[in-house]
Amino acid sequence: MNNIDIKSTNPVGGKSKNFIYEIIDEDLKTNKWGGNVHTRFPPEPNGYLHIGHAKSICLNYGIARDYNGKFNLRFDDTNPEKEEQEYVDSIIEDVKWLGGDFEDRILYGSDYFEQMYLWAVDLIKKGKAYVCDLNADEIRQSRGTLTEPGKESPYRNRTIEENLELFERMHKGEFPNGSKTLRAKIDMSSPNINLRDPIMYRIVHEEHHRQGNDWCIYPTYDWAHGNEDSIEGITHSICTLEFENHRPLYDWFLDQLGVHHPQQIEFARLNLSYTVMSKRRLLQLVKEGFVDGWDDPRMPTISGYRRRGYTPESIRNFAEIIGVAKRDALTDIALLEYAIRDDLNKRANRVMAVLKPLKVVITNYDSEEELEAVNNPEDPDAGTRKIPFSRELFIEQSDFMENPPKGFYRLVPGGEVRLRYAYIIKCEEVIKNDNGDVIELRCTYDPETKSGAGSSNKKVKGVIHWVSAKNCFDAEVRLYDRLFTVENPGADEDWLGKLNPNSLEVISNAKLEPSLKNSKPLDKFQFERMGYFCVDFKYTTNEKLVFNRTVTLKDSWKK
RNA sequence: UGCCCCGUGGUGUAAUUGGCAACACGUCUGACUCUGGAUCAGGAGUUCAAGGUUCGAGUCCUUGCGGGGCAGCCA
């Protein structure tokens, strides 16, 4: 795939590396893995990927890229009750879109079920695993607590032959769900609870999205995950902090088996302010209809950001900016917004669109003309375009104030502003309806102030955007605000109560300049002075364009 | 109150491994500007605490305090 960013983002040889790069540098120096670097991204297909996964993908793929290693996409599909093909498909699409290059290696943990079964038999033969008849409740009770050791299962000392036979019968489907498990025989009094004879296999008579009905016993994550990494020859198994306590268990399994033993390294998962980041909660938002699907532009999912107008570059850059460490953090959403503004500023063409229109009549203008506008001041190659100007215009309601506070330098009664790329106009008369609402402005223009003409020295502080009433067209524009009203909703037991009721505002009759007419889904623009917008691919039709506001422009005007 | 991990500006990370605490975002000020954008210049703001080792500690040691994780046949 592309490697355009290698130079700019490659920290190898640079001065600032995260602690994982330090470890890999050291491994390379000691030739621990024969010079190889092989990472992977191992999602469970039980939901859509979110921005936290993006951090992990960028980390893992970035390492493979920077060290000329390999990067696998592997589905950790060991639980048929929660996994679906839809999720597999979305994950592949999202990883590709982000730029994680797994080449042809789309792998599945479930493809290793046979090997894992053989290894389990191996452990039984070594006297390191046994079939246990305790039910879930009994196992929980005999596990002990954080401060008390557990009790050994009465089935712990079955003979190897008996265990082999029982495990084989589990495999054949002779026992009902939950009636038996295969457990590792480690230490019921270990201070690390993960080592208290953890379960390796459970009986689940359920169709697997990939393996069909071939299996009715499924490996637990603890048993499967390290094995999958080992089978694929992964050198550095990078995962999040909560698996730190499990590392001794993975080490134990791999050492008992005597197979390739990757090094696990844990880092802190991403938390973003004003949103939630657990698949369980995101699933609930989707299932209970609080949002419009996994790709709702308010969702912190990769598909949500894509639909909202984020670029893969901006998300990759965000991952660089936030770095990688081991301490829990709550990242300010402003860092993400900076990343997308920074990217779109350079690449999005400028256009004019009036979201909440206020009619303006230029009483001393009676003609029509086309004015030249710059498409992108940051990019000379973007060229220019013509925009129609006429007697009747729309401007933004918020660009006129009858009783302005000090510091307001847009249009006021008797005041002047420049119409972007056009003329300076003066507000002569304010027309109101019976309710006292301003419904129209009567203005005059100064023909000497035509943009680019240079025939007037008149200076005004304010410049506002506008569209020609007879040439513009209507479109729907969706404005998004943060999904939650509190900084860290995930920490709140009543997190659903913290949903922002105003996170979506739909404007059905925004007025857009005619050049926008032929926009295609996912096209990105800056609506001058309003923000960056992207054509929605879900609700846009041949008859109606729908725009999503990706992010506002920075606004330094206070109050 | 068992085990494990982590404490650096408001936020996220750095600190050549013991040598003047820096970068980005945010924030504030100014310049420029036909986007109150961008750009440019500048400012404010940081090592959880106490001991110890050392000429010298964000870094090493001890203790304390604070935060997080673990008692699914989830991952």
Side-chain angles (χ1 to χ4, degrees), chain A residues 15-18 22 42-44 46 76 78-79 81-82 132 134-136 139-141 143-150 177-183 190-196 198-204 217-218 220-222 224-225 239-248 266 268 270 273 279-280 318 320-339 341-342 345-346 350 352 373-374 377-378 407-410 417-422 424 449 451-452 459-465 487 526-532 552-558:
Chain A
K15 45 181 182 256
S16 179
K17 297 177 219 172
N18 64 52
E22 304 277 1
E44 184 190 15
N46 66 344
D76 205 330
T78 57
N79 184 355
E81 292 174 320
K82 292 187 174 177
C132 182
L134 258 26
N135 65 33
I139 287 187
R140 187 181 335 114
Q141 288 183 7
R143 186 153 31 220
T145 67
L146 296 176
T147 53
E148 302 159 26
N177 286 358
S179 60
K180 284 181 168 42
T181 57
L182 183 72
R183 295 227 258 165
S190 171
N192 183 341
I193 292 177
N194 295 304
L195 264 22
R196 318 237 266 230
I199 289 164
M200 297 165 63
Y201 279 93
R202 72 276 211 190
I203 298 170
V204 183
I217 55 173
Y218 288 90
T220 58
Y221 177 88
D222 277 345
H225 197 83
C239 64
T240 44
L241 256 25
E242 69 269 29
F243 297 108
E244 210 155 21
N245 291 333
H246 297 241
R247 176 155 33 88
E266 307 86 9
L270 171 67
S273 60
K279 277 203 240 177
R280 195 196 105 239
F318 169 70
E320 284 295 324
I321 289 169
I322 60 175
V324 178
K326 289 196 72 162
R327 69 180 104 131
D328 301 294
L330 180 58
T331 298
D332 192 335
I333 188 80
L335 291 170
L336 214 212
E337 294 181 343
Y338 163 77
R341 283 196 191 102
D342 188 49
N345 177 49
K346 295 173 208 142
R350 274 61 169 172
M352 292 202 284
V374 173
E378 305 293 322
F408 182 84
Y409 50 79
R410 279 108 90 166
V417 276
R418 172 172 288 284
L419 295 176
R420 177 86 157 144
Y421 294 123
I424 290 175
T449 59
S451 184
K459 286 271 183 195
V460 288
K461 188 82 169 166
V463 179
I464 63 174
H465 61 279
E487 199 175 37
Q526 183 196 102
F527 290 180
E528 293 219 25
R529 306 205 308 127
M530 302 310 284
Y532 294 98
T552 61
L553 251 32
K554 251 178 81 176
D555 185 0
S556 61
W557 189 62
K558 301 301 175 204

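Chain A is the first sequence line, chain B the second, and so forth, proteins listed ahead of strands; every chain is numbered from 1. Because only heavy atoms are used, hydrogens play no part in the values below, and waters and symmetry mates are left out as well, while side chains stay in.
Between A:Y201 atom OH and B:C73 atom P the separation is 16 Å, expressed in whole Å. Look at NE2 on A:H465: it is 13 Å from C1' on B:G37, rounded to the nearest Å. As a whole-Å value, the separation of A:L195 CG from B:A71 P is 14 Å. One atom, CZ of A:R341, and another, P of B:U39, lie 12 Å apart when rounded to the nearest Å. As a whole-Å value, the separation of A:D555 CG from B:U35 C1' is 11 Å. Between the CD atom of A:E337 and the P atom of B:U27 there is a distance of 11 Å, given to the nearest Å. In this structure, A:R420 places its CZ atom 14 Å from P of B:A38, rounding to the nearest Å. Straight-line distance from the CD atom of A:E528 to the P atom of B:U33: 17 Å, rounded to whole Å.
Among the atoms of the strands shown, none is found under 4.0 Å from any heavy atom of A:H225. Among the atoms of the strands shown, base atoms are found under 4.0 Å from some heavy atom of A:F408. Contacts of A:T331 with the nucleic acid, taken as non-hydrogen atoms under 4.0 Å apart, involve only primed sugar atoms and P, OP1 or OP2. A:P248 comes within 4.0 angstrom of no nucleic acid atom, judged by non-hydrogen atoms across all strands. Residue A:N135 is in base contact, counting any heavy-atom pair closer than 4.0 Å across all strands shown. If you check every strand for non-hydrogen atoms under 4.0 Å, A:G407 touches a base. Looking at heavy-atom distances under 4.0 Å, A:Y218 makes no contact with the nucleic acid at all. No engagement by A:G531 is indicated, since no non-hydrogen atom pair under 4.0 Å with the nucleic acid exists. Using a 4.0 Å heavy-atom distance criterion, A:E148 is classed as making no nucleic acid contact. Within 4.0 Å (heavy atoms only), A:E44 reaches sugar-phosphate atoms of the nucleic acid but no base atom.
Under 4.0 angstrom from either OP1 or OP2 of B:G72 there lies at least one side-chain N or O belonging to A:R143. Between A:Y338 and B:C25, a side-chain N or O to OP1/OP2 separation shorter than 4.0 Å is present. For the OP1/OP2 pair of B:G37 and a distance below 4.0 Å, the side-chain nitrogens and oxygens of A:S556 include at least one atom meeting the criterion. Checking the phosphate oxygens (OP1, OP2) of B:A75, a side-chain nitrogen or oxygen of A:T78 falls inside 4.0 Å.
Side-chain atoms of A:W557 lie closest to B:G36 of the nucleotides B:G36, B:U11, B:C73. Side chain of A:N345, nearest nucleotide from B:C73, B:G12, B:A38: B:A38. Comparing B:U13, B:A38, B:C25 against the side chain of A:A334 picks out B:C25 as the nearest. Each of B:U35, B:U17, B:C25 was ranked by its minimum atom distance to the side chain of A:L553; first place goes to B:U35. When distances run from any side-chain atom of A:A329 to the nucleotides B:A75, B:U13, B:U17, the shortest one goes to B:U13. The side chain of A:V463 lies closest to B:G36, out of B:G36, B:G37, B:A75. The side chain of A:E378 sits closest to B:A38 out of B:A38, B:A75, B:A14.
If you check distances only, the side chain of A:E320 never reaches the base of B:G12 with a donor-acceptor pair under 3.5 Å. The base of B:G36 sits with one of its N or O atoms less than 3.5 Å from a complementary donor or acceptor on the side chain of A:R410.
Nucleotide B:U17 is shown with a syn base, its glycosidic torsion being within 90° of 0. Under the 90° criterion around 0 for the glycosidic angle, B:G72 counts as syn.
Nucleotide B:G66 has B:C6 as its partner under the Watson-Crick or G-U criteria, with both atom distances under 3.5 Å. When both pairing distances are held under 3.5 Å, B:U29 makes a Watson-Crick or G-U pair with B:A41. Under the Watson-Crick or G-U wobble criterion, with both distances below 3.5 Å, B:A57 has no partner in any strand shown. When both distances must be under 3.5 Å, the Watson-Crick or G-U wobble mate of B:U46 does not exist.
With a 4.5 Å cut-off on side-chain heavy atoms, A:E266 and A:R247 count as touching.
For A:F408 and A:W557, the distance between ring centers is under 6.0 angstrom.
Atom name P, nucleotides B:U8 and B:U59: the rounded distance is 13 Å, in whole Å.
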Between the protein and nucleotides 2-7 of chain B, are there any N/O to N/O pairs under 3.5 Å, and if so, what are the atom names and distances?
from, atom 1, to, atom 2, distance (Å)
B:G2, N9, A:L146, O, 3.3
B:G2, N3, A:L146, O, 3.0
B:C5, O4', A:E244, OE1, 3.4

